[in-house]
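Below: the structure, in structure tokens.
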Amino acid sequence: MTTEQLDKAYEPQNVEGRWYDYWEKNGLFRADENKAGESFSIVIPPPNVTGNLHMGHALNNTMQDMLVRYHRMKGHNTLWLPGMDHAGIATQNVVERQLAADGTNREALGREKFVERVWEWKEQYGGQIINQLKRLGSSCDWSRQRFTMDEGLSRAVKEVFVRLYEEGLIYQGDYIINWCPRCHTALADLEVEHEDLDAKLYYLKYKLADGDGCLTIATTRPETLLGDTAVAVNPEDERFSAYIGREVILPVLGRRIPVIGDGYVDMEFGTGALKVTPAHDPNDFELGLKHNLPAVKCIDDDGRMNDEAGPYKGQDRFECRKNIMKDLEAQGLVDKIDDLRHAVGHCYRCKTVVEPNLSKQWFIKIKPLAEKAIAAVEDGRTRIVPKVWEKTYFDWMLNIKDWCISRQLWWGHRIPAYYCEDCGELVVSREDPAACPKCGGSMRQETDVLDTWFSSALWPFSTLGWPDKTTELGVYYPTSVLITGFDILFFWVARMMMMGLHFMEDIPFHDVYIHALVRDAEGQKMSKSKGNVIDPLEVMDKFGTDAFRFTLAALAAQGRDVRLSDERIQGYRNFVNKLWNAARFTLMNLEGFEPSRTEGPPRLDESKLSLADAWILSRLETVAEEVEKHLNGYHFDRVAGDLYQFVWHEFCDWYLEMVKPVLYGEDEAAKKQTQAVLAHTLSVILRMLHPIMPFVTEEIWWKVPGVEQSIMISPWPGTGIGRPDAKAERRMEMLQGVITTVRNIRGEMNVPPSQQVEVVMMSDNAEERLVIDQQEHLIRPLVRAKSQQVVPMGEKPKGAAAHVFGDVEVFVILAGLIDFEEEAKRLQKEMDKLDKDIIKANKKLANEDFLAKAPEDVVAKEKERLEVLNAKRDKLSLSLTRVLELRQ
RNA sequence: AGGCGCGUAGCUCAGGGGGAGAGCGCUACCCUGACACGGUAGAAGUCAGCAGUUCAAAUCUGCUCGCGCCUACCA
């Protein structure tokens, strides 16, 4: 057996790419749908084809990769299915910008050429993010990678559209929708971002047609008055009820419009009179339907005023606002102008102010689909973690409105609806109809495409081959868990629930884990405009992928946003290095060691098991249990935290230090046994860390004696990997306490580290004396003692500093070195602290209510605690007296 | 306007009815044969405020203050 030397520090750059290639080449990411046994599956939230890896992706995919690697190691039939989203508006915008740079535009190119151009763009520049996901270590089955516009998924989209249409769940109609004048498309309500802006509230006078004064209305959008077809007041409003049924004269245009009464009007706001523009306001649209008002569109699809705007025709809507106010002012029709802060809708892609607009669109009747999706979460078939998000989900689902699915774009799934050029007949069909079934005329396909989220809604089953009945669907659907951010709970998760339940008649995932947002060190949301974006790729370059992943995991407490800072990542980079060096030490000391097996704990001679070995094996069992529990509960932070604590503060700080004398010693049998435990512990640590830190663990793994295959496919250390031993843990706890106590005295008394001291320990507990005596070889090097004595309580040694741990009084003999002044101060301070606790405990135990009402074990514990405190105080008090005597 | 969440050590955050925790930072000493990306020890907190429930509250309830976020048609 040879032991390869490891470098002194871990250098991720030399390691990561090499192992990723190895995994990929050896097919270790590939899922086999024919493999027997329990399956575990995840579909990736498909990143936009235009996207670049940001912190949200990094967090999201680190979590997915952790789970996937964990389940793969457990031997489950594991699939992580990757892919990308065609991202309608985003991609179209990118290519349009490119065209603009070339001095042309999509209209000049024509639809067909433009779509070709987008595909070319995709081949050339799209999907950068896939390589970035690989940098992150994502173990996706790339052989199954999908794209929402690929052939199979397009077929699924068509199938779903046609079926929903046939079931009467898709309809077409004239409704008011959110229109983006920049992107030239309809937007769903969800795609509108509301932002509070400082604006004005204009009070305008509309003259009554019968010449009797005027009615003053309040509006934030005076330019829309050109499309007014009524003024509404509340019939309960005594000021105005008399006006109902009369007419007013629309300024500028002179149109006579009715005054109507409707309870919708808020009497408190503005003047209590509301101008009604059914074509450019969703509420006015509703009023218009109710009162049978005509809808007059005065703004066109570019956001410019149209023919209906009379003198303002051709002006931009905001320019028109200024001009119309100038004119109204001149005519004395402006009563006043107030400041007003209110929410204005913006396009989520390009941030242009949206224009509510009346137009013909396609919708999904969503209520019947939503009911099933609500039920599935209510009855627990799908679990939302953390549970707080369930409420948000229900609130939205219960108030859901029909989904506007048509978009006036060129890049996307073209709606499979066809119109007859002659008779106008509408046909919705999977195949292009050759001719009109009614009149034989030629057919023309609908120009609109579907909302990008329409195809993403099908992702969990379309990617597995639906509508065909594939083996994959049988094995991997429903998927095990969906990991995603709350920002797309409605956009995506809710819609997958609805579509999955409708078309697969089963939930799309058993669990939905909603993670938080990654923010900067100041807690600000990262955004390009703020310039506070931390690029994951730069972080990986600087600190290594494993350190980065570990940081994300460690900070990802459920329901709490992740604040990322360099210091934090650096801290975990140090941890990676610590692990590296612990492994380095371990491997250096496995010279001549022959491994027996890597699966269960090593075969050991129980009678000769050292305390340190017994202890670490016991701790290993506990940690393995905890880690597994936290992985199953999506407590990624605790997985990371427990492993950090165990590796650094138990394995490195204690175990490795305690094992040195054995490894450097002469007892070959003892050495062999410790080597076995050491090798085993390292192996288990590596495997437990692998899901979080795939690269460094793989790199070390191959140097562990006996390793023959990638850590990725090595067995997960489940229960039975260690060896529970409560006695060993109790004894070790006592030893650690005693050792820390000696070190504490050394530190407080400023004994130089190189100075060897004499240690005396006193205890009336025979078992503890025995353990301390037996473990002298282990204690002495750790406290730098040239001698160690353990005796029953009695005459205290002279010239010694004392401290108490549990039943043991610890003396460090410092003849000539001791500063009695300092020692007295230290003892006094310690006693003051104790006194506080003793007073508190006494008070508690004197309280009859406490004794009567608190559970027995709590009372017993408190009594015991008081005894311990008192005993300690007595010992310290004696020591203090002695020190004070010696001082004189 | 409604809803949700958060205020715990200098910073970032765990914890969640009975002894205040971690990481980073800070202080002191140390290049001890894995690691200075390190070691040992140490200092540091009226657990936002007020009231209530309880034998017992950082933890449960209510209110107040401060900070985020989400949803919403008040023009």
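Chain letters run A, B, ... following the sequence lines, proteins first, then strands; residues in each count from 1.
- Nucleic acid contact for A:P753: sugar-phosphate only, since backbone atoms but no base atoms lie under 4.0 Å from a heavy atom of the residue.
- The aromatic rings of A:F575 and A:F550 sit tilted relative to each other, their planes meeting at an angle between 30° and 60°.
- In the interface, the side chain of A:R573 is paired with the base of B:C37 through a donor and an acceptor atom under 3.5 Å apart.
- Atom P of nucleotide B:C35 and atom CZ of A:F575 are separated by 18 Å, given to the nearest angstrom.
- At the heavy-atom level, A:E748 lies under 4.0 Å from the strands shown only through sugar-phosphate atoms.
- A:F585 and A:Y664 have perpendicular rings, their planes meeting at more than 60° on a 0 to 90° scale where under 30° would count as parallel.
- For A:R638 and A:E626, the salt-bridge test fails: no basic side-chain N is under 4.0 Å from an acidic carboxylate O.
- In terms of modelled atom types and a separation under 3.5 Å, the side chain of A:H649 and the main chain of A:V647 share no donor-acceptor contact.
- Checking A:H635 against A:K853, the closest nucleotide of RNA chain B that is more toward the 5' end is the one next to A:H635.
- Across all strands, A:K8 comes closer than 4.0 Å only to sugar-phosphate atoms, never to a base (heavy-atom distances).
- Counting any heavy atom pair closer than 4.0 Å across all strands shown, A:Y572 reaches no nucleic acid atom.
- For B:A34, one of the phosphate oxygens OP1 or OP2 lies less than 4.0 angstrom from a side-chain nitrogen or oxygen of A:K660.
- Among B:C37, B:C74, B:G18, the nucleotide with an atom closest to any side-chain atom of A:P855 is B:G18.
- Rounded to whole Å, the distance from CG on A:D284 to C1' on B:C74 is 11 Å.
- In this structure, A:Y634 and A:F636 have tilted ring planes: the angle between them lies in the 30° to 60° band.
- Here the two rings, on A:Y572 and A:F543, have centers that are 6.0 Å apart or farther.
- Contact annotation: A:N581 side-chain N/O to B:C37 OP1/OP2 distance is not under 4.0 Å.
- Using a 4.0 Å heavy-atom cutoff across all strands shown, A:T277 reaches no nucleic acid atom at all.
- The only option from A:N589, A:V677, A:T674 that meets the side-chain contact (heavy atoms from CB on, under 4.5 Å) definition with A:V659 turns out to be A:T674.
- We find that CH2 of A:W389 is positioned 12 Å from P of B:C69, with the value rounded to whole Å.
- No donor-acceptor pair closer than 3.5 Å links the side chain of A:T545 to the backbone N or O of A:M540.
- With centres under 5.5 Å and a plane angle under 30°, the ring of A:Y664 is stacked against the base of B:G33.
- Closest to the side chain of A:K578, from the set B:G39, B:A75, B:G18, is B:G39.
- Paired regions of RNA chain B, where each region holds three or more successive Watson-Crick or G-U pairs whose two hydrogen-bonding distances fall under 3.5 Å, are B:1-7 with B:65-71, B:10-13 with B:21-24, B:26-30 with B:38-42, B:48-52 with B:60-64.
- For B:C4, the base has no donor-acceptor partner in the side chain of A:K391 [N/O atoms by modelled type, under 3.5 angstrom].
- Looking at the side chain of A:Y644, the nearest of the listed nucleotides B:C55, B:C24, B:A34 is B:C24.
- A:N574 has a side-chain polar atom (N or O) that falls below the 4.0 Å cut-off from OP1 or OP2 of B:G38.
- Residue-level contact check: A:K401 touches the backbone only, with heavy atoms under 4.0 Å from sugar-phosphate atoms and none from bases.
- Residue A:L201 is classed as having no contact, given no heavy-atom separation below 4.0 Å to the nucleic acid.
- Using a 4.0 Å heavy-atom criterion, one finds that A:H649 contacts the sugar-phosphate atoms exclusively.
- Across the protein-nucleic acid pair, A:N178 atom CG and B:A72 atom P stand 10 Å apart, rounded to whole Å.
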Worksheet item: Does the side-chain contact (heavy atoms from CB on, under 4.5 Å) test come out yes or no for A:V757 and A:R784, once each step is laid out?
Response: CA-CA 7 Å; A:V757 292; A:R784 300 187 158 252; 5.8 Å; no
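- A:R865 comes within 4.0 angstrom of a base, heavy atoms only.
- The base of B:U12 lies close enough to the side chain of A:R568 for a donor and an acceptor atom to sit less than 3.5 Å apart.
- Nucleic acid contact for A:G272: base, since at least one base atom lies under 4.0 Å from a heavy atom of the residue.
- Residue A:D266 is classed as a base contact, given a heavy-atom separation below 4.0 Å to a base.
- Distances shown here put every side-chain N or O of A:R746 at or beyond 4.0 Å from the OP1 or OP2 atom of B:C30.
- When heavy atoms are screened at a 4.0 angstrom cut-off, A:V265 is found touching base atoms of the nucleic acid.
- Looking at heavy-atom distances under 4.0 Å, A:E864 makes no contact with the nucleic acid at all.
- Atoms CG and CE, on A:L782 and A:M658 in that order, are 6.0 Å from each other to the nearest 0.5 Å.
- Comparing B:C69, B:G38, B:G18 by their closest approach to the side chain of A:F486 singles out B:C69.
- A close approach under 4.0 Å does not occur between any side-chain nitrogen or oxygen of A:W396 and OP1 or OP2 of B:C4.
- Nearest-nucleotide assignment on RNA chain B puts the 5′-proximal partner with A:A582, out of A:K833 and A:A582.
- Here A:D653 lies in heavy-atom contact (under 4.0 Å) with sugar-phosphate atoms only.
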